[in-house]
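Ligands are counted one by one from 1 in listed order, and the atoms in each one are counted from 1 as well. As the structure is a computational prediction, the values presented were derived from the model and not from experiment.
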Amino acid sequence: MNNYKRVQEINKKLGLDAVLVSNGCNMRYISGFTGETGYLFISDRHHMVITDFRYTYQAEMEAEGYEIVTIGSGGYEEAINEILKNDNVKRLGFEAKDMLYSKYRELKDKLNVDELVPVNDEITRLRRIKTSREIEYIRQAESIGDKVFAEILDFIRPGMTELEIAARIEYLLKVYGAQRTSFPAIVASGVNSSMPHAVPTEKKIEYGDFLTMDFGCVYNGYCSDMTRTIVIGKASDRQKEIYNLVLKAQLAALEAIKPGLKGKEIDKVARDIIYNAGYEGCFGHGLGHSVGLFIHEEPRLSQNEEDIIEAGMVETVEPGIYIRGFGGVRIEDLVVVTGDGYENLTHSDKTLIEL
Ligand code: GLY
Ligand code: MN
Ligand code: MN
């Protein structure tokens with residue numbers, strides 16, 4: 001892929017002779033290489049994948065136009081030193097937000113360069129605005145989620161455990177074409193649903209429970225993410241009130257989405273509705289996040305997000321209300337920001353389902 005040219009621009013801007021890209025999603029985005037270990041080395045003269053024997057053939061197949069370097073018994077440092085010498089590199093960038101401190105120390109000790117220069121999120125930022133092809137993969141991933149939601153409703157019965165339902169969701173995602181889940185499915189019932197990121201347990205689903213299901217999958221490398229909350233049996237008045245308030249906040253936030261607004265301005269639309277109804281303190285996470293090769297990307301729709309939302313970004317919109325000892329509701333859709341608004345990639349019903 002040609003994205004290495006965009007990295008060369010970053011090198012120029014930061015005064016780097018070359019950069020080592022270590023973040024797996026960035027490696028994939030720039031070169032197409034999907035292997036789990038290695039680096040991209042990008043200078044003005046070279047764009048290389050440096051990896052080990054396990055991934056050499058894969059790298060040759062995936063990273064078209066790249067030089068592929070397989071490390072020898074001297075490991076990465078020896079191979080990189082050879083490249084640095086031939087390319088006369090003095091200032092070498094590395095991805096500071098990706099590298100373990102211990103790895104950094106090792107590189108600092110062993111690499112023959114004048115300076116190892118931390119690169120913050122300049123490379124990751126390249127991934128913010130999605131191409132139409134990336135959006136298609138995300139659309140496909142989210143449509144797998146929609147199918148699974150429709151099917152899981154027929155599967156759920158009181159007496160089943162959260163773990164059983166989570167396992168079924170993850171199984172169905174793969175049956176419908178997902179490579180893997182984008183994160184372990186969250187299935188939280190009754191009081192457990194008051195924990196936004198509850199881990200599924202052996203708790204059995206009971207009549208009267210809220211049941212929150214938050215799940216996503218990966219299709220062609222790209223993630224999806226959706227949440228629906230339903231009620232097992234008849235919803236109480238309090239459940240209806242909370243559910244409809246979260247839905248109102250979500251719909252209002254969706255309608256507010258358009259390019260040119262700051263992430264925090266969109267967050268505020270939902271937050272004001274929830275807080276003004278007396279639920280301040282019950283919505284303690286951000287409204288949403290970007291989604292792409294990674295499940296949680298920037299920019300976010302959150303109280304502190306100063307960055308501007310632009311066309312081609314893919315964002316979740318996921319307000320919630322969580323009440324300790326009672327339960328919680330979250331409703332999450334995935335949208336693409338368009339030239340004048342948004343397109344919703346999530347099509348599952350959002351009126352309160354009483355199962
Ligand atoms: N469970 C991940 C998220 O919705 O952000
Ligand atoms: Mn989610
Ligand atoms: Mn999410």
Is the centre of the His296 ring less than 6.0 Å from the centre of the Phe294 ring?
no

What protein heavy atom sits nearest atom 5 (O) of ligand 1, and how far away is it?
His296 NE2, 2.8 Å

How about Tyr243 and Arg238: does a side-chain donor come under 3.5 Å of a side-chain acceptor?
no

N/O to N/O below 3.5 Å, does that happen between His289 and ligand 1?
yes

Atom name, Asp214 (N, O or S, nearest to the Mn ion (ligand 2))
OD1

In Glu332, the N/O/S atom nearest the Mn ion (ligand 3) carries the name OE2

Glu318, N/O/S atom nearest the Mn ion (ligand 3)
OE2

Using a strict threshold of under 4.0 Å (side-chain N to carboxylate O), is an ion pair present between Arg128 and Glu297?
no

Is the closest N or O pair between Asp214 and ligand 1 shorter than 3.5 Å?
yes

I need the single residue from Pro299, Pro259, Ser290 that forms a side chain to side chain contact (heavy atoms under 4.5 Å, CB included) with Ile309. Which is it?
Pro299

When the aromatic ring centroids of Phe94 and Tyr39 are compared, is their separation below 6.0 Å?
no

Flag His289 as yes if one of its N/O/S atoms falls below 2.8 Å of the Mn ion (ligand 3), otherwise no.
yes

The Mn ion (ligand 3) - closest N/O/S atom in Asp225:
OD2

At less than 4.0 angstrom from any non-hydrogen atom of Glu332, what atoms of ligand 1 do you find?
4 (O)

Side chain, backbone, both or neither: the part of Thr227 lying under 4.0 Å from ligand 1 by heavy atom:
neither

Is it true that His289 and Asp225 share a donor-acceptor pair across their side chains at a distance under 3.5 Å?
yes

Which of the numbered atoms in ligand 1 are below 4.0 angstrom from a heavy atom of Ile186?
1 (N)

Would you call Glu305 and Arg300 a salt bridge, using N to O less than 4.0 angstrom?
no

What atoms of ligand 1 come within less than 4.0 Å of a heavy atom belonging to His197?
1 (N), 2 (C), 3 (C)

Would you please classify the geometry between the Phe41 ring and the His46 ring as parallel, tilted or perpendicular, with 30° and 60° separating the classes?
tilted

